[in-house]
Amino acid sequence: MRRAGTYLGVLLVAAYCLAPLAWQLVTSLRPPAELTTLPPLLPTQLTFEHYAAVFAGHPFGRMLLNSFIVAGGATLIALAFGSAAAFALTKMRARGFGLILAIVLATSMFPPIATVSPLYLLINGLGLRDTLAALILTYASFALPLAVWVLTNFLRQLPDELYAAARVDGCTPRQALVRVILPLAGPGLAATGLLVFIVAWNEFLYALTFTATERSRTVPVGIALFPGLHEVPWGEIAAASLIVTLPVFVLVLLFQRRIVEGLTAGAVKG
Amino acid sequence: MAAIAFEEVSKRFGTVTVLDRLDLRIEEGEFFTFVGPSGCGKSTTLTLIAGLERPSAGTIRFDGQPVNHLAPRDRDVAMVFQSYALYPHMSVAENIGFPLKLRGTSGRDIETAVAEVAARLGIEALLARRPRELSGGQRQRVALGRALVRRPRVFLLDEPLSNLDARLRLEMRAELKRLHGEYGITTVYVTHDQEEAMALSDRVAVLNAGRIEQCGPPLDVYRDPANLFVAGFVGSPPINVLDARHFRGLAPPADVPASGVVVGLRPADVRVATEARPLALAGDVQLAEPTGDALWVVGRIDGQQIIGRGQLTDAPVPGTTAYFEYEPERLYLFERATGRRVP
Amino acid sequence: MSGALRRIGERPAAFLAPAALVLGVVTLFPIVYVLWLSVQHYSLIGDAPAFAGVGNFARLFADARFWNALGNTVYFTLVSVALEVVIGLAFALLLARPFVGRAPMRAVVLLPWAIPTVVAARMWEWMYNGDFGVINYLAGADTNWLGNPYWAIHAAIAMDVWKATPFVALLLLAGRLSIPAELYQAARLDGAGAWRLFRHITWPLLRPLLLIVLIFRTIDAFRVFDAIYVLTGGGPANTTETLSIYAYKVLFQTLEFGYGSALAVAVFVCIAAITAAYVWLLRGSAR
């Protein structure tokens with residue numbers, strides 16, 4: 001009885017999480033004529049024309065590429081700078097360890113709306129408006145507190161004797177980081193990188209503000225501002241939504257354990 | 001190879017003084033051991049020699065040259081850690097070759113050097129494995145190999161045997177002695193195990209709370225302890241400490257009252273008999289502990305514990321009285337208040 | 001700390017510098033800058049900035065639309081966070097029971113959290129559609145969910161709950177699974193029932209984590225922007241206009257950077273206060 005109840009509950013949770021996505025999938029495969037008719041709940045025939053339209057009618061491919069560059073670039077910077085900082089905080093005796101971590105954590109609480117206006121002026125002043133560089137830098141900074149925090153928790157678990165051994169064997173601190181510490185921090189780097197990538201892939205407010213054209217526009221902005229001449233093109237929006245979700249979906253399926261590890265490392269040990 | 005000199009070296013962490021004005025010279029090619037209870041500062045001494053820490057005060061010299069400000073990589077020092085600290089992501093060969101690789105040695109030379117060290121340590125068959133596939137003893141050998149491969153000026157060992165089981169420990173002890181003989185590298189060894197220190201070293205320094213209590217060849221330290229701490233730390237089972245009043249005819253120096261001294265008596269120098277002897281203390285037997293080749297008898301005299309060596313064929317029964325026989329010339333006198341040896 | 005404590009050849013500052021530089025330029029400097037902007041009369045289409053003193057904040061206190069936005073934000077935050085924690089806790093306790101397929105299930109639960117908020121909002125917008133929406137169809141209703149002043153904010157809350165509950169559930173699940181099973185076995189031997197197990201073991205041991213989850217969620221909900229921007233844009237009749245949305249409109253639609261920055265500072269102050277309150281609570285519960 002109890003086991004049957006558990007499975008029923010698990011099914012309900014799965015339905016809760018998947019139903020809106022499933023409906024979006026159904027919508028994206030519906031022939032245009034059936035978009036405005038309910039019933040039938042399920043389309044009488046499947047069509048991929050919405051998917052084709054997304055790529056044909058809009059600079060959607062370009063936006064996807066932008067999103068990849070921005071999220072990937074921000075992830076690389078956050079990992080590189082974040083791991084160097086976490087290394088200094090855990091393996092060297094950086095002064096004011098607690099204070100630095102507290103500041104880093106505090107910055108992660110800052111609401112984006114509070115920094116968007118000065119950043120807008122800054123980016124305009126530097127001539128970086130509507131460039132990918134502006135978004136990469138902003139996202140890297142946005143993600144750094146998370147990266148430093150999670151990586152600090154991971155590096156703390158590596159024995160200090162390994163670092164000492166590397167130093168005695170002839171490493172400079174930088175060599176010790178690159179040749180010994182980072183190769184061993186793989187799981188931590190993966191968890192952090194995944195979190196940062198997802199956060200950057202999904203970001204909207206800065207992207208909406210700092211971009212003006214398809215030159216730098218990312219997918220979330222594209223989807224929010226999806227153009228419709230006379231009526232909202234629900235089929236194409238559904239198709240576009242599923243396409244953006246796909247990379248995230250793959251990451252989640254492959255690395256669910258690492259992502260949850262990163263999330264809990266970020267939260268639980270605080 | 002190098003001689004190491006400590007000149008008034010202190011190390012403080014915040015308000016805690018870990019080493020207090022250490023003055024010491026370790027000779028070239030010597031096997032030197034720091035021994036003491038945990039927290040006495042012996043491991044810190046190693047990290048100071050390695051350059052992992054810098055002294056708060058004083059100077060450390062290698063062959064007369066101050067090295068205080070040299071980073072570990074510029075000191076040509078190798079170290080074996082208690083946990084071995086092998087790099088888990090590298091094979092055994094890569095672990096051993098790593099120090100050479102960092103010095104820009106060519107790939108072929110690294111290979112030759114690794115093969116040579118591996119042969120000396122008997123680990124040729126393990127070169128392709130990862131550290132996690134090795135037993136404790138094998139890891140130990142790899143750690144030694146990584147340290148020896150570049151023939152450093154100074155070889156540091158931090159409790160290297162403490163993670164091994166008793167049999168392996170004896171085996172590796174012999175191995176360390178042999179390697180020291182072959183390579184002749186100045187070796188500084190840290191252990192809390194006085195037996196290990198005695199067995200391996202040319203000289204030992206007994207450390208306590210950041211100070212050297214005594215320094216000298218192991219036998220001298222054993223036979224001629226400078227104070228009660230050293231006497232108590234060196235030797236197993238630990239030395240018996242008894243009130244002077246139990247010993248008839250004992251003559252402390254004129255300026256010290258009999259109540260101001262205690263008597264140290266090594267268990268190995270006490271023979272236990274079941275019948276009364278002329279120079280013997282009568283005690284209640286509490287425990288008779290056979291260790292195979294010896295029998296240690298634990299007794300009590302007026303509430304003070306005494307341990308002596310009994311005969312396996314004539315073991316006293318707990319609860320009876322036994323006679324702890326001693327030789328007067330093997331008694332050590334210590335000031336009760338300071339622990340200092342009284343001549 | 002004395003220099004002697006630093007190890008030889010180590011310069012931690014050099015390793016901290018890149019992160020500090022990026023954080024300083026892209027996060028800390030803008031915070032100072034926004035404080036400066038908030039005391040200026042400054043419009044992007046007007047003249048150069050002129051010092052306004054507390055003028056912007058005086059205007060803010062007299063601005064009924066600000067109070068409306070604050071009220072909406074607080075309501076949105078309270079209701080959605082409360083629902084997320086209750087449902088998330090229920091999910092976590094359910095998923096902590098033994099069942100086959102925990103790993104794929106974890107991926108399923110991660111999905112709503114991991115997809116872009118904009119995408120989630122678009123999905124719900126379509127489901128809420130008054131004419132062709134699946135919700136009206138399944139419920140047999142004819143409600144214009146997003147156009148109705150009463151329903152719109154609740155529709156936004158429902159979407160936020162859908163998206164954020166899995167995050168709460170996964171963290172609480174990790175916390176629940178880290179409670180040693182022996183505790184439950186021992187209590188069961190002592191004759192404790194399901195309720196007492198929850199009351200005396202699960203609840204007290206999960207509480208610190210729950211507080212941390214609450215901090216994360218409250219702060220996130222309070223600065224809500226993406227979901228509402230896409231779903232309603234703040235309408236109808238500003239009934240869903242939150243502080244971030246209002247500030248954004250003032251900043252980038254009317255281009256009043258002075259007053260808009262004052263609104264942004266207000267959001268910042270609120271969030272700082274919420275964080276401080278939680279930290280104080282957390283300290284109290286740790287003792």
Side-chain angles (χ1 to χ4, degrees), chain A residues 6-7 9-10 13-14 17-18 20-21 23-24 27 35-36 38 81-82 84-85 87-88 92-95 107 109-115 117-119 137-138 140-141 144 148 173 198 201-202 204-205 209 220 223-224 234 237 241 244-245 248-249 252-253 256 259-260 263-264 267-268 270, chain C residues 1 5-6 10 12 15-16 18-19 22-23 26-27 30-31 33-34 37 91 94 97 99 103 105-112 114-119 122-124 126-127 132 134 137 166 170-171 174-175 209 212 219 223 225-226 230 244 247-248 251-252 257 260-261 264 267-268 271 275:
Chain A
T6 303
Y7 280 98
V10 168
V13 173
C17 294
L18 294 178
L21 283 159
W23 184 242
Q24 200 74 341
T27 304
L35 280 171
T36 51
L38 273 177
F81 293 6
F87 173 65
M92 302 186 197
R93 296 194 198 97
R95 289 161 204 241
T107 59
M109 304 287 183
F110 288 177
I113 191 73
T115 55
S117 55
L119 273 177
L137 265 183
T138 310
S141 175
L144 256 175
V148 171
I198 291 175
W201 181 259
N202 294 353
F204 178 61
L205 175 57
T209 316
I223 287 183
W234 290 112
I237 290 177
S241 301
V244 227
T245 307
V248 177
F249 184 71
V252 163
L253 272 188
Q256 42 89 11
I259 297 174
V260 175
L263 276 177
T264 39
V268 178
Chain C
M1 279 196 212
L5 204 49
R6 187 107 54 75
E10 286 187 350
F15 288 82
L16 290 168
V22 171
L23 273 179
V26 190
T27 304
I31 285 293
Y33 197 177
V34 81
L37 283 172
F91 281 10
L94 177 75
R97 291 200 198 166
F99 67 93
M105 192 58 198
R106 202 163 17 202
V108 164
V109 176
L110 260 176
L111 260 183
I115 65 170
T117 308
V118 169
V119 168
R122 279 298 206 182
M123 284 168 21
W124 282 79
W126 174 230
M127 295 196 298
F132 323 115
V134 69
Y137 171 70
L170 284 174
L171 285 187
L209 177 62
I212 292 166
I219 289 171
R223 55 193 185 189
F225 178 81
D226 313 8
V230 172
S244 288
Y248 179 83
L251 285 168
F252 294 103
F257 262 49
S261 296
V267 180
F268 180 70
I271 285 185
T275 311

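The sequence lines fix the lettering, A, B, ..., with proteins before strands; numbering per chain opens at 1.
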Subject >> Side chain, backbone, both or neither of V134(C) within contact of chain A (heavy atoms, under 4.5 Å) >> reply: both
Original post:
Where does F204(A) contact chain C at under 4.5 Å (heavy atoms): side chain, backbone, both or neither?
Top reply: both
Original post:
Relative to chain A, which segment of I271(C) carries a heavy atom at a distance below 4.5 Å: side chain, backbone, both, or neither?
Top reply: side chain
Subject >> Any residue meeting side chain to side chain donor-acceptor pair (under 3.5 Å) with S261(C), in chain and number order, not counting sequence neighbours >> reply: S117(A)
Subject >> Side chain / backbone / both / neither for F225(C) at chain A, heavy atoms under 4.5 Å >> reply: side chain
**OP:** Measure distances from M105(C) to the heavy atoms of chain A and classify the residue's part below 4.5 Å as side chain, backbone, both or neither.
**Re:** side chain
**OP:** Please state whether the side chain, the backbone, both or neither of F249(A) comes within less than 4.5 Å of a heavy atom of chain C.
**Re:** both
Original post:
Would one find more than 12 heavy atoms of other residues, nucleotides or ligands at under 6.0 Å from atom OH of Y33(C)?
Top reply: yes
**OP:** With a 4.5 angstrom heavy-atom cut-off, could you sort out which part of I259(A) is near chain C: side chain, backbone, both or neither?
**Re:** side chain
Subject >> Side chain, backbone, both or neither of Y248(C) within contact of chain A (heavy atoms, under 4.5 Å) >> reply: both
Original post:
So, T6(A) versus R97(C): side-chain donor-acceptor pair below 3.5 Å or not?
Top reply: yes
Subject >> Contacts of W126(C) that satisfy side chain to side chain donor-acceptor pair (under 3.5 Å) - sequence neighbours left out >> reply: T27(A)
**OP:** With a 4.5 angstrom heavy-atom cut-off, could you sort out which part of F268(C) is near chain A: side chain, backbone, both or neither?
**Re:** both
Original post:
Which bit of L253(A) is near chain C, if near means a heavy-atom gap under 4.5 Å: side chain, backbone, both or neither?
Top reply: both
Original post:
So what's closer than 4.5 Å to chain A heavy atoms on I115(C): side chain, backbone, both or neither?
Top reply: both
Original post:
Does the side chain of S141(A) pick up a donor-acceptor pair with the side chain of T27(C) at under 3.5 Å?
Top reply: yes
